[in-house]
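For reference, the structure is listed below as structure tokens.
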Amino acid sequence: EAQQEVQWAGDRKGRPYGIGCRGGRLCPPVDGRTGFGMTVFETLRFYLSFLKQGKEGKTMPQTEKRKRRGVFARKRVRRDPGQSQARGQSRGQGVRPLAAGRMDLPFLLLTLLLTIMGLVMLFSASFPSANYESGDPAYYLKRQGLFALLGLAAMLAMARMDYHRLRGMAKILMYVSVFLLALVLVPGVGITQNRATRWLGKAGVLTFQPSEIAKLAIIVYFADSISKKKNLMENFKYGVRPYILILGFFAGLMLLEPHLSGTILIVGTGIVLMIVGGLDKRWIIGGISGVAAVGLIYVKLVEAGIISYGADRIRMWKDPWIDALDEGYQMCQSLIAIGSGGLTGVGLGKGRQKFLYLPEEHNDFIFAVVCEELGLIGATLVMLVFALLILRGFWIALQARDRFGALLVVGVMTQISLQTFLNIAVVSGLVPATGISLPFFSYGGTALALQLFEMGIVLSVSRQIPAPRGG
């Protein structure tokens, strides 16, 4: 709203009175910054000083009748027509039903570029195994392309919507994700692959991971809840305890599958949202120290043989060549593929490791095929496009209309950045293997569709960025 201004002048004897009140009637000053009047104490002190002057026989001139009723009168300032129109549109509605501005074009182009690059590299990496398994070299490309079209349609639809409508879906998404995460653990219902039960659906026809829905649910729910608390985030009871309990509950369900990489993504994204939402520095330092201590203790217990889960992964991470034909086979083949690419690569579609040498070449380890065929230069360009997308997303978060929109974008981009970093780190041997996919590149139709839907959320927030002020 336009700021209200009150000019002040004095009568012939130097006593101040408000010009905003016609005829020099008594008017306490109005705060020009907020548009509200003085506090009760300041108003009483003002009137007492006036009465004291009146007893001494000094009165303020009455030149004309006032045209308005009320004690506090203010001089009106013309409002900007655009502000008045926007105020009229939102009056009685709270928020606008549709995003009114234009999509952020750089973010949209980067998303489309990554989707196209991912489909091209998926076909290049998957046609040997697709031909061997189904007799159709384009089997994986056709399925991924179909979900890409569905995801793009969902992205555009979400971009046209007002992202505030997601507030009403926050709790529903939480309940649905908890139900699906529990359902996947029921014997005979969940689908088991590679000693992990993470999928629902019908094997060979359509499967999806409930953890993908859980990632979106955590982002939407945390953004909705944290945006309403503001200063309460510094309090342990309201800003720490409820979110830690939620993250712990989800982490427990996912570790039962087991799904370590999904757990890391959900917990990491939730913690980042808590920090951005205004978490006290003491809890931040304490949380980071606690996570580091737990990680160190876990590694020591695995090395001592007390904990068996993940022991082979840590051992192969240290030196995969000690068992290059069994436990360390996948890591060794990934390193061979990366090294074979050199500076410029062997050429798109001409890689050799994808011919049934490198396991999961079209899924978790597709970046190794990128390095082999496009070389260091091509892999660097791919990482650069990811970096530009992530940076542009965080720029949109900084310019967002409100806290809810900013937290939504921060959650989405944090998830994308963590997932990208962890996948590249696993493929290159920087961290132990966790079975995490590369966004937009790895095979997985439902994952790609949900990622594009999340990009639509970012675009919806970008359409409501306030226009820069002229001058």
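Computation of the quantities below employed the complete heavy-atom set of this structure, encompassing side-chain atoms and omitting hydrogens, waters and symmetry-equivalent molecules. Bear in mind that the values here come from a model prediction, so they are computed numbers and not experimental data. Positions are given from 1, in the same order as the sequence printed here.
In summary, the side chains of Arg463 and Tyr163 do not present any donor paired with an acceptor at a separation below 3.5 Å, with no hydrogens or angles considered. The closest side-chain donor-acceptor pair between Glu361 and Tyr443, if any, does not fall under 3.5 angstrom.
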Using the rule given for side-chain hydrogen bond (donor to acceptor under 3.5 Å, both in side chains), can you reason through Ser126 versus Tyr139, listing the C-alpha separation, both sets of side-chain angles and the distance that settles it, and then say yes or no?
CA-CA 9 Å; Ser126 65; Tyr139 173 77; over 6 Å; no
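The backbone N or O of Met174 lies less than 3.5 Å from a partner atom in the side chain of Ser177, making a donor-acceptor pair. Between the Ser334 side chain and the Ala368 main chain, no donor and acceptor come within less than 3.5 Å of each other. Judged by distance alone, with hydrogens and angles left aside, the side-chain atoms of Thr115 form a donor-acceptor pair with the main-chain N or O of Thr111 at under 3.5 Å. Using modelled atom types, no side-chain atom of Asp162 and backbone atom of Arg165 make a donor-acceptor pair closer than 3.5 Å.
Checked for salt-bridge contact, Glu372 and Lys354 miss the test: no charged N lies under 4.0 Å from a carboxylate O. For Asp136 and Lys142, the salt-bridge test passes: some basic side-chain N is under 4.0 Å from an acidic carboxylate O.
No more than 12 heavy atoms of other residues, nucleotides or ligands sit less than 6.0 Å from atom CZ of Phe421.
Ser437 approaches Gln419 most closely through the heavy-atom pair OG-NE2, 3.1 Å.
Just one of Leu389, Leu109, Leu388 meets the side chain to side chain contact (heavy atoms under 4.5 Å, CB included) condition when paired with Leu114; it is Leu389.
Ring geometry for Phe441 against Phe386 counts as tilted: the plane angle lies between 30° and 60°, on a 0 to 90° scale.
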